[in-house]
Protein chains: 2
Amino acid sequence: MADTPRARARAETTEQIKQIARRHLAAEGPNLSLRAVARDLGVVSSAVYRYFASRDELLTALIVDGYTSMADRVEVAEAAAPRRDLLGRWLALGNAMRDWSLANRHEYGLLYGTPVPGYAAPQTTIEPATRPVQLAMAILRDGVERDVIEVPKDRLPGPVRADVERVGAAPGFAGVPPTLIARAFSVWAQLFGTISFELFGRLTNGVTDYDAYFDHQLRVMARYLGVVR
Amino acid sequence: MADTPRARARAETTEQIKQIARRHLAAEGPNLSLRAVARDLGVVSSAVYRYFASRDELLTALIVDGYTSMADRVEVAEAAAPRRDLLGRWLALGNAMRDWSLANRHEYGLLYGTPVPGYAAPQTTIEPATRPVQLAMAILRDGVERDVIEVPKDRLPGPVRADVERVGAAPGFAGVPPTLIARAFSVWAQLFGTISFELFGRLTNGVTDYDAYFDHQLRVMARYLGVVR
DNA sequence: TGACGTCGAGAGCAGTGCTCTCATCGGTGC
DNA sequence: GCACCGATGAGAGCACTGCTCTCGACGTCA
């Protein structure tokens with residue numbers, strides 16, 4: 001805790017390990033070898049265990065960092081758009097998510113791909129993981145409050161309505177009406193579906209201009225959310 | 001090739017290996033060990049290499065089987081719905097995909113999750129992989145031909161329209177107008193996004209009644225496609 | 001019957017995650 | 001200033017992995 005030289009050295013080494021691990025992650029995917037990381041650090045493998053109790057713990061650290069890094073980028077991009085330009089904010093959010101994902105494909109796989117078996121994401125991951133969601137909700141809330149987003153009158157099945165109302169009572173969702181939250185759920189799945197498809201190569205032979213394609217998808221989603229300007 | 005006893009024995013052993021591998025896959029995920037499979041078969045590990053040149057080749061075989069198994073199930077379910085009931089056919093298709101995915105989560109992860117690094121899906125996988133898509137297109141084509149699906153008048157950005165027209169020229173897509181294909185792309189991403197979210201646990205704390213939730217999503221998608229009855 | 005080809009066993013190589021023990025060396029309390 | 005303690009890294013070692021190679025056995029076909 002204290003900012004002793006010891007603690008500083010430790011923090012630095014920890015950061016170095018994560019740095020190297022991230023490089024390996026980018027180079028050869030999530031099968032990164034702790035021993036190889038140790039070699040790159042110029043240290044014997046057992047030394048790394050002074051900093052991370054297991055390979056899983058290292059991966060977890062990378063995951064937390066990943067969520068945070070993505071959320072940071074998304075928030076910065078969204079903040080750059082004029083507050084009153086809801087569509088611009090939404091496009092900024094969506095494009096930032098895609099850009100980050102393309103630039104960090106393997107990390108994206110770690111965050112949103114097949115979960116590693118026998119591995120449960122610890123509590124620490126959920127806070128940064130929800131930040132982009134919160135941000136999207138903020139856009140919707142602004143729109144509703146300023147009356148530029150029309151509240152959809154969808155008739156929701158009982159259980160869905162119940163779920164969506166419960167979610168709506170949570171802190172970050174206040175001010176967004178249930179029917180809109182329901183639509184946001186659909187859109188969110190669509191957003192990640194689209195990114196995953198592109199990243200995992202499920203659109204080859206189908207799409208050639210990915211930029212245009214993704215922009216179009218974002219606009220389709222925006223229209224469904226009532227975010228038109 | 002010939003149906004000699006030799007060839008039969010070989011085919012049987014091959015099938016046994018895949019069977020055991022599938023069990024391991026279900027039990028402990030894609031990190032299945034070839035040696036462990038060999039042990040379960042009561043055979044030394046090198047013997048398995050007589051049947052599969054590498055672990056990757058085994059996984060590939062499982063993947064092909066997976067696509068086929070899913071497609072079979074989906075086709076059977078869809079075929080059970082009355083031909084004129086487009087919505088029923090769509091719901092059958094979607095629910096079958098989800099059911100299969102829930103029943104074979106790890107296989108789903110193999111097929112649609114993070115791709116294994118350094119592993120490229122061979123040609124053999126693409127045919128069975130597209131069967132559900134073809135089926136969805138058949139539903140849309142029927143609807144358009146019978147004039148119960150209204151062709152959307154969406155204005156598509158140039159590159160998107162070009163892509164979608166090119167796709168529309170492919171065999172399985174004939175008879176489905178470009179704007180509808182574009183919508184189908186969106187829906188397909190949404191469908192897999194929704195299934196992945198459920199399977200990978202991204203909806204915990206959000207959704208409690210998954211059946212109702214998924215049914216609702218399918219109907220939202222149907223409406224967007226103009227499949228209303 | 002003989003030859004060939006398939007098959008499984010076994011040993012072995014290089015690599016992995018992780019544990020344990022042992023020396024070293026730096027910071028802290030007296 | 002000194003002695004101690006705890007953090008650190010090295011090294012050996014265990015059990016495991018994918019994969020290769022060699023060798024003997026055995027069935028099949030000419």
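Per chain, numbering begins at 1; letters A, B, ... match sequence-line order.
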Task: Donor-acceptor pair present, Ser54(A) side chain and dG17(C) base, under 3.5 Å - done: no
- [ ] Check DNA chain D against residues 35-43 of chain A and give the residues with a non-hydrogen atom under 4.0 Å, in numerical order.
- [x] Arg35(A), Val43(A)
- [ ] Could you check whether the rings of Trp188(B) and Trp90(B) sit parallel, tilted or perpendicular, using 30° and 60° as the cut-offs?
- [x] tilted
Task: Rounded distance in Å - CD (Gln16(B)) to C1' (dG8(C)) - done: 14 Å
Task: Nearest-angstrom distance from the residue atom CZ of Arg50(A) to P of dG26(C) - done: 17 Å
- [ ] Provide, to the nearest angstrom, the distance between the CD atom belonging to Glu12(A) and the C1' atom belonging to dT8(D).
- [x] 15 Å
TODO: Could you check how far CD of Glu57(B) sits from P of dT20(D), rounded to whole Å?
DONE: 11 Å
Open item on the list: Could you measure the distance from the NZ atom of Lys18(A) to the CZ atom of Arg23(A)? Nearest 0.5 Å is fine.
Closed with: 15.5 Å
Open item on the list: Please confirm whether the shortest side-chain N or O distance from Tyr51(A) to OP1 or OP2 of dA7(D) is below 4.0 Å.
Closed with: no
Open item on the list: Tell me the interatomic distance from Phe52(B), atom CZ, to dT6(C), atom P, rounded to whole angstroms.
Closed with: 17 Å
Open item on the list: For dT16(C) and Ser33(A) - does any side-chain N or O of the residue sit under 4.0 Å from the phosphate oxygens OP1/OP2?
Closed with: yes
Open item on the list: Which residue is it: Gln16(A), His24(A), Arg35(A)? I am looking for the one with a side chain to side chain contact (heavy atoms under 4.5 Å, CB included) to Asp40(A).
Closed with: His24(A)
- [ ] Rounded to the nearest angstrom, tell me the gap between atom CZ in Arg8(B) and atom P in dT6(C).
- [x] 19 Å
Open item on the list: Is the terminal nitrogen or CZ of Arg183(A) (NZ for Lys, CZ for Arg) located under 6.0 angstrom from the six-membered ring centre of Tyr224(A) and within 45° of that ring's axis?
Closed with: yes
Open item on the list: If I take atom CZ in residue Arg10(A) and atom C1' in nucleotide dG9(D), what distance separates them, rounded to the nearest angstrom?
Closed with: 12 Å
Open item on the list: Any N or O donor-acceptor pair under 3.5 Å from the base of dG18(D) to the side chain of Arg55(B)?
Closed with: no
TODO: Determine whether any donor atom in the side chain of Ser45(A) lies under 3.5 Å from an acceptor atom in the base of dG17(C), or the reverse, and answer yes or no.
DONE: no
Task: Presence of salt bridge, Arg22(B) and Glu15(B), under 4.0 angstrom - done: yes
TODO: Report yes if the distance between the aromatic ring centroids of Tyr112(B) and Tyr108(B) is under 6.0 Å, otherwise no.
DONE: yes
Open item on the list: Tell me the interatomic distance from Tyr49(B), atom OH, to dA11(C), atom P, rounded to whole angstroms.
Closed with: 18 Å
Open item on the list: Taking the basic N atoms (NZ, or NE/NH1/NH2) and the acidic carboxylate oxygens, is any pair closer than 4.0 Å for Arg161(B) and Glu165(B)?
Closed with: yes
